[in-house]
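Some notes on the structure that comes next.
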Amino acid sequence: EQDLLLTDLPALRANAAGLDVGTLNAGAGASSGRFQVLDADRCGVDIYTSGSTGEARCVHKTLANFDAEVAVLEQLWGSLLSAEHRVLASVSHQHVYGVLFRVLWPLCSGRAFAAQLIEYPEQIAPFRGQRVVLVSSPALLKRIADDAVLAIPAWVFSSGGPLDEQ
C-alpha cells in the first residue's frame, strides 16, 4: 500500500495506473474514493542524512516545513527568475537540497524542470541560448570547461562546499 507515488520511471508509472484511489485514502479513514485534504502539519516524510559527517540520522519534515522552505526560496530569489526559466540539476531529488531546489520550488512556482539528472557538463550545452537555472554542487561546477557551457545558466545555485574563485 502506498500513500504517494511520485516517479518518472516508466516501469513504476505502469504500475501506478492500477492504483485504486479508495485504497490510497483508506489509511485516512476515507471510503468515498475522493482525495482528502492533507494536514500539512501532520503529514510528512522521514529523510535520512548521508552520514558523510558521521552516522546517518533521520530528519522528519512535514509538508508545512517544505511549504515554508519553498516560500523562503521564492521570496529570496523568485523575482530574479521568470516563468520561462527551466531548472536543470546535477543534484538528486533524494537529497533535501535536490528535492527543494530541483523539484518543489520549480513545481510550486510554475517553472519547468528537467527530469533527467545532469551528470556531465556536456549535458548543459544543448540548452545554450535558453533561460536556464543550474542547481548543482561544486563537484560538477569544477568540471565545467570554459568553452563547453560557460555563461549558459542565467543563475547557478550551489551547495555542499565553497566554490573556487574561478
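Here the structure is a predicted model, which means the values were calculated and not measured. Values below: all heavy atoms of this structure, side chains included; hydrogens, waters and symmetry mates excluded. Residue numbers start at 1 and run along the sequence shown.
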So which residues get pulled into Val59's cluster when ILVMFWY side chains under 4.5 Å apart are joined, directly or through others?
none

How long is the gap from CD1 on Ile118 to CG on Leu140, to the nearest 0.5 Å?
8.0 Å

Looking only at atom types and distance, does a side-chain atom of Tyr97 sit under 3.5 Å from a main-chain N or O of Arg102, one as donor and one as acceptor?
no

Side chain to side chain donor-acceptor pair (under 3.5 Å) contacts touching residues 37-47 (sequence neighbours left out)
Asp46-His60

Over all atoms of both residues, closest heavy-atom pair of Leu141 and Ser136
CG-OG, 3.8 Å

Could you work out, with side-chain hydrogen bond (donor to acceptor under 3.5 Å, both in side chains) as the rule, every residue matching Gln94, not counting sequence neighbours?
Ser92

Would you please name every residue forming a ring-ring contact (aromatic ring centres under 6.0 Å, His included) with Phe157, sequence neighbours left out?
Trp77, Phe101, Trp105

Take Val91 and Ser159 through the side-chain contact (heavy atoms from CB on, under 4.5 Å) test and state the conclusion after the steps.
CA-CA 9 Å; Val91 294; Ser159 179; over 6 Å; no

In terms of heavy-atom contacts, Ala40 and Thr62 come closest through O-CB, 3.4 Å

For Ser90 and Ser137, work out which heavy atoms get closest and say how close.
OG-N, 3.7 Å

Report yes if the side chains of Leu107 and Val70 come closer than 4.5 Å at any heavy-atom pair, otherwise no.
no

Taking salt bridge (charged side-chain N to carboxylate O under 4.0 Å, His left out) as the cut-off, I'd like each qualifying pair that reaches into residues 79-93, sequence neighbours left out, listed once.
Glu84-Arg131

Side-chain contact, heavy-atom cut-off 4.5 Å: Val99 with Val45?
no

Tell me, please, which residues at least two apart from Val96 pass side-chain contact (heavy atoms from CB on, under 4.5 Å).
Ile47, Lys61, Leu100

Quick one: hydrophobic cluster around Leu38, which other residues, with the 4.5 Å side-chain cut-off, linked directly or via members?
Leu63

With sequence neighbours left out, write down each residue that passes side-chain hydrogen bond (donor to acceptor under 3.5 Å, both in side chains) with Asp67, or none if nothing qualifies.
none

Using side-chain hydrogen bond (donor to acceptor under 3.5 Å, both in side chains) as the criterion, list what pairs up with His85, not counting sequence neighbours.
Ser82

Counting only N and O atoms by type, is there a donor-acceptor contact under 3.5 Å from the side chain of Gln123 to the main-chain atoms of Tyr120?
yes

